[in-house]
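Some notes on the structure that comes next.
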Amino acid sequence: MSPAVGTRSGGRRRRSEGDKERNEAAVIEEESLLRGVEENEGVPYRCHVLRFVLAFFVLLSFFALVLWGASRTQKPRITMKSITFESFFVHAGVDASNVPTSMATLNSTVEFTYRNTGSFFAVDVTSTPLSLNYFGITVASGNMSHFHQSKQSQRELNVVVMGKQVALYGGGPGVSGTGPVNMTLSFTVRSKAYVLGKVVKSKFHNHVRCSVVMDRTELGRAVSLKNSCQ
């Protein structure tokens with residue numbers, strides 16, 4: 001009886017050891033499979049993040065482009081109203097080089113309206129000097145102050161345009177008489193629109209040119225510029 005019992009006991013030990021080895025092999029294989037799955041899943045996750053970031057920037061760029069295109073159709077509007085000549089004198093004098101010539105002194109005020117037509121953006125506004133020219137000679141000039149204009153709003157502007165003892169260099173005979181004097185008023189208004197904060201900006205340039213008639217008999221009265229400007 002003893003050998004038979006020993007044989008069965010030994011067989012059970014061998015089967016138990018075999019089962020243990022198979023279980024350990026299965027655990028190792030399962031762990032390796034899990035690691036493989038985790039490693040394989042890591043790449044798609046990073047790809048998803050990259051795709052999300054890329055899609056976000058594409059959509060943001062498209063949205064910004066749409067806003068920029070819409071803003072270009074909402075250009076600021078300049079409406080010229082009048083110019084008032086307070087004084088105008090022509091007298092003999094000398095320039096900085098002591099050359100005898102006629103000298104002009106002029107004082108005037110230009111009135112116009114600035115309107116921001118933008119429905120979703122404000123603008124910062126500056127301007128080149130307002131210049132009154134007589135046959136290519138700038139006889140007077142004035143500066144408009146910088147300002148900020150909110151969306152869909154407007155303001156009335158009055159700019160002093162003046163010149164003191166400006167040398168005419170041969171242009172004197174045409175302005176020395178008592179008749180009207182033809183001049184040209186010109187300037188450029190520059191507007192910077194913040195469409196999407198500082199990310200998307202638009203720039204607008206309004207070029208203004210007006211034909212002005214200065215009549216000495218009408219000093220102190222506003223001269224309409226309604227149909228005189230481009």
Side-chain angles (χ1 to χ4, degrees), residues 75-117 122-150 153-192 203-230:
K75 186 175 182 178
R77 185 178 299 119
I78 307 294
T79 303
M80 302 302 297
K81 300 185 71 174
S82 66
I83 181 170
T84 304
F85 293 96
E86 280 84 15
S87 61
F88 180 72
F89 304 101
V90 178
H91 55 88
V94 293
D95 64 3
S97 303
N98 293 323
V99 175
T101 182
S102 297
M103 312 291 287
T105 297
L106 185 149
N107 188 13
S108 64
T109 302
V110 177
E111 183 181 0
F112 61 96
T113 300
Y114 178 94
R115 177 168 181 78
N116 176 18
T117 63
V123 290
D124 282 336
V125 187
T126 59
S127 172
T128 61
L130 281 71
S131 301
L132 270 172
N133 297 283
Y134 174 73
F135 285 100
I137 301 174
T138 301
V139 295
S141 63
N143 294 312
M144 184 193 78
S145 300
H146 165 270
F147 62 88
H148 181 84
Q149 194 68 32
S150 57
S153 64
Q154 69 179 34
R155 70 172 61 198
E156 303 292 331
L157 296 163
N158 291 279
V159 181
V160 174
V161 181
M162 61 185 301
K164 185 177 181 180
Q165 295 186 354
V166 178
L168 297 177
Y169 297 112
V175 295
S176 298
T178 58
V181 179
N182 296 320
M183 297 184 182
T184 302
L185 172 69
S186 60
F187 62 101
T188 299
V189 178
R190 302 188 183 103
S191 307
K192 182 183 291 184
K203 294 181 180 180
F204 305 96
H205 288 176
N206 292 77
H207 304 284
V208 180
R209 185 180 179 87
C210 306
S211 298
V212 180
V213 178
M214 192 279 299
D215 190 346
R216 292 179 178 84
T217 62
E218 299 291 333
L219 293 179
R221 297 183 181 180
V223 178
S224 176
L225 297 175
K226 182 178 180 180
N227 299 316
S228 303
C229 301
Q230 297 178 343

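Taking every heavy atom of both residues into account, Lys75 and Thr117 meet most closely at O-OG1, 2.9 Å. Across every non-hydrogen atom of Gly142 and Val159, the tightest pair is C-CG1, 4.1 Å. Leu106 and Leu132 make their closest contact through CD2-CD1, 3.9 Å (heavy atoms, listed as atom of the first residue, atom of the second, distance). Here the shortest heavy-atom pairing between Met144 and Thr126 reads CE-C, 3.7 Å. Considering all non-hydrogen atoms of both residues, Gln165 and Thr105 come closest at N-OG1, 3.1 Å. The shortest non-hydrogen separation linking Thr84 to Ala222 is OG1-CA, 3.4 Å.
For the atom pair CE of Met162 and CZ of Phe85, the computed distance is 13.5 Å after rounding to the nearest 0.5 Å. Note that CE of Met183 is 10.5 Å distant from CZ of Phe135, once rounded to the nearest 0.5 Å. Atom SG of Cys229 and atom NZ of Lys81 lie 13.0 Å apart (nearest 0.5 Å).
Ring geometry for Tyr114 against Phe147 counts as perpendicular: the plane angle is over 60°, on a 0 to 90° scale with 30° as the lower cut.
When only modelled atom types and interatomic distance are considered, Ser141 and Thr138 share no side-chain donor-acceptor pair under 3.5 Å. Between the side chains of Thr217 and Asp215, at least one donor N or O sits under 3.5 Å from an acceptor N or O.
Without hydrogens or angle criteria, Asn116 side chain to Ser150 main chain gives a donor-acceptor distance under 3.5 Å.
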